[in-house]
Amino acid sequence: MSTDTNIRPDANRADQTKDAALGTPGQASATPAAFIALEEEHAAHNYHPLPVVVATGDGAWVTDVDGKRYLDCLAAYSAVNFGHSNPVLLDAARAQLGRITLTSRAFHNDQLGPFVTALAELAHKDMVLPMNTGAEAVESGIKVARAWGYRVKGVAPDQANIIVAGGNFHGRTTTIISFSDDESARAGFGPFTPGFRTVPFGDAAALEAAIDENTVAVLLEPIQGEAGIVVPPAGYLPAVREITTRRNVLFIADEIQSGLGRTGATFACDLVGVVPDLYLLGKALGGGIVPVSAVVGNRDVLGVLQPGEHGSTFGGNPLAAAVGLAVVRMLAEGEYQERARVLGAHLHEALNGLVGRGVVAVRGAGLWAGIDIDPSLASGRAVCEALMVRGVLAKDTHGSTIRLAPPLCVSEADLDWAVAQLAAVLDGFAVA
């Protein structure tokens, strides 16, 4: 009888775990640990998720593989603004799945035109460049700005620069991390792409001082998400708009997280009456069903692109366009923006009641809140783990900050319950 010395002693047990998680007939139901083990073994370790295995979702709530329900207070970083299993969006996806899902942009399809028309109208702009992910939208916006600088503004070849803000988060591609100051995303991935200048977020004077004859754009998040839901001074974005207009520089607003209803308006820029030259959109644009992103602007800017200069096999595909059109039509009614505004005010009032009880500060707009936890009490990760045990899913950032961004269909009672759970968690740490 032959012996295979390469078989690990725990191989049989590992195979049983794998079979259970993969649903092999005859095996018992897999435990959360089995699913997590498979992921840890075979998925690259570029995330550190909470130890919960979600199986289904409905509205603002999700259910794990053991049947425990959780209030989703992250909404996939605002990608699920309209709730899990939104019936309008599911109907749009199902209808298109039975027709055609992908043609590439080598041909026209009957869904793209209606989608880009509706999105342009929602943003009060002329044109839309459809892509897939938020990072692709940012990369596309950078290319458009450089092309505009060379072809319209007259910047010398390869001399264009773009001004960005400290603390930014626009994605994790190699060009984007070149102007990030988040070392966890940046360290060890150089060499970096030149052509970017960083100034403090919220400092309009520093921004203007950084502009020179080769500056083609200012790229900002109207509210910085990953930084901890950082809201700039009230006059900052209007000042940026005035400066960029006067200095003949594009203003690009990354509304991938802040846009499409999250802050109580269609765009966060609307809160201060500002209209950028380009909107970068994503996440919620796909309704949590398919990746959809876009650059939205007027013809004098987006019109600089010519055939063959930029593209994507999946960008503008019929399935994405059908879902995106359904999203835009819902936003055009204004109900979700109003819910975010009214419920957001209620949420912030409740959260501010926790200041001094383990909470140092609360920031945000609409149904988007950054909550600074007293670092002497607990880390943001520890608070999120404790919230998970109590049935609330949230995400930490930058050590002691947690973020709340529930789907916009959340109820007032749900929000009150979530704040009560946070209060209980903080009280528990205080007496530990």
Side-chain angles (χ1 to χ4, degrees), residues 49-50 52 54 56-64 68-89 223 225-226 228-229 231 255-266 268 282-289 327 330-331 335-354 359 362-373 380 383-397 401-426:
L50 293 175
V52 57
V54 176
T56 63
D58 182 23
W61 292 79
V62 297
T63 304
D64 72 7
K68 180 177 178 179
R69 296 178 76 233
Y70 302 82
L71 182 62
D72 180 1
C73 285
L74 182 63
Y77 304 96
S78 292
V80 191
N81 275 3
F82 312 103
H84 297 278
S85 304
N86 182 290
V88 173
L89 301 181
I223 296 174
E226 190 71 17
I229 324 301
V231 181
E255 295 254 19
I256 292 166
Q257 280 199 64
S258 63
L260 307 182
R262 171 56 56 188
T263 63
T266 302
K283 295 193 185 299
L285 194 57
I289 297 176
V327 165
M330 290 195 302
L331 286 167
E335 176 188 351
Y336 283 96
Q337 295 92 318
E338 180 67 6
R339 286 187 61 83
R341 185 185 68 81
V342 173
L343 291 174
H346 181 81
L347 173 64
H348 282 271
E349 181 180 5
L351 289 173
N352 279 314
L354 299 181
V359 170
V362 177
R363 297 173 302 278
L367 280 172
W368 206 20
I371 306 159
D372 290 340
I373 306 299
V383 171
C384 288
E385 289 173 344
L387 283 171
M388 180 196 71
V389 173
R390 301 183 71 91
V392 177
L393 298 182
K395 183 68 175 69
D396 61 294
T397 185
T401 299
I402 65 172
R403 294 167 285 179
L404 298 184
L408 308 185
C409 60
V410 70
S411 71
E412 185 176 296
D414 288 340
L415 294 174
D416 289 340
W417 180 79
V419 174
Q421 304 317 302
L422 176 57
V425 164
L426 296 173

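From Leu285, atom CG reaches atom CD of Glu255 across 12.5 Å, with rounding to the nearest 0.5 Å. How far NZ of Lys395 is from OH of Tyr77: 4.5 Å, rounded to the nearest 0.5 Å. Once rounded to the nearest 0.5 Å, the distance linking CG of Leu404 with CG of Asp72 reads 10.5 Å. To the nearest 0.5 Å, the span separating CG on Leu393 from CZ on Arg390 amounts to 14.0 Å. Here the CD1 atom belonging to Ile371 is positioned 12.5 Å from the OG1 atom belonging to Thr397, to the nearest 0.5 angstrom.
Listed for the Gln337 side chain is a donor-acceptor partner under 3.5 Å among the backbone atoms of Leu331. With hydrogens and angles disregarded, no donor-acceptor distance shorter than 3.5 Å links the side chain of His84 to the backbone of Trp61. No donor-acceptor distance shorter than 3.5 angstrom exists from the side chain of Arg69 to the backbone of Val62, with no hydrogens or angles considered. Glu335 places no side-chain N or O within donor-acceptor distance of the main-chain N or O of Met330, the cut-off being under 3.5 Å. For Asn81 (side chain) and Leu260 (main-chain N/O), a donor-acceptor pair under 3.5 Å exists by modelled atom type.
With sequence neighbours left out, the salt bridge (charged side-chain N to carboxylate O under 4.0 Å, His left out) criterion links Asp372 to Arg363. Not counting sequence neighbours, the partners of Ser411 by the side chain to side chain contact (heavy atoms under 4.5 Å, CB included) test are Ala413, Asp414. With sequence neighbours excluded, the residues forming a side chain to side chain contact (heavy atoms under 4.5 Å, CB included) with Leu415 are Leu343, Leu347, Leu367, Pro406, Val410, listed by chain and number. Every residue meeting the side chain to side chain donor-acceptor pair (under 3.5 Å) condition with Asp64, not counting sequence neighbours, appears here in chain and number order: Tyr70. Scored by the side chain to side chain contact (heavy atoms under 4.5 Å, CB included) test, Ser85 finds Leu90 as partners (sequence neighbours excluded). Partners of Ala345 by side chain to side chain contact (heavy atoms under 4.5 Å, CB included), not counting sequence neighbours: none found.
Summarising the geometry of Cys409 relative to Gly83, their closest heavy-atom pair is SG-CA, 3.7 Å, with the distance given to 0.1 Å. The two residues Val80 and Gly288 make their nearest non-hydrogen contact at CG2-CA, 4.3 Å. In plain terms, the two heavy atoms of Leu71 and Ala418 that are nearest each other are CD2-CB, 3.7 Å. Counting all heavy atoms, side chain and backbone alike, Gly380 lies closest to Asp396 at C-CB, 3.4 Å. For the pair Ala405 and Ala75, the tightest heavy-atom approach, listed with the atom from each and the gap, is O-CB, 3.1 Å. Across all non-hydrogen atoms, the minimal contact from Gly261 to Ala340 is O-CB, 3.1 Å.
Heavy-atom neighbours of Glu349 CD from other residues, nucleotides or ligands within 6.0 Å: at or below the threshold of 12.
Of the candidates Gln257, Lys283, Arg262, Arg262 is the only one forming a side chain to side chain donor-acceptor pair (under 3.5 Å) with Ser78.
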Derivation of the side chain to side chain contact (heavy atoms under 4.5 Å, CB included) call for Leu351 and Leu422: CA-CA 9 Å; Leu351 289 173; Leu422 176 57; 4.0 Å; yes
Set out, in order, the CA-CA distance, both residues' side-chain angles and the distance that settles side chain to side chain contact (heavy atoms under 4.5 Å, CB included) for Leu426 and Val359, then state yes or no. CA-CA 8 Å; Leu426 296 173; Val359 170; 3.6 Å; yes
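A heavy-atom distance below 4.5 Å is found between the side chains of Leu387 and Ile402. Contact check for His346 versus Asp416: side-chain heavy atoms found under the 4.5 Å cut-off.
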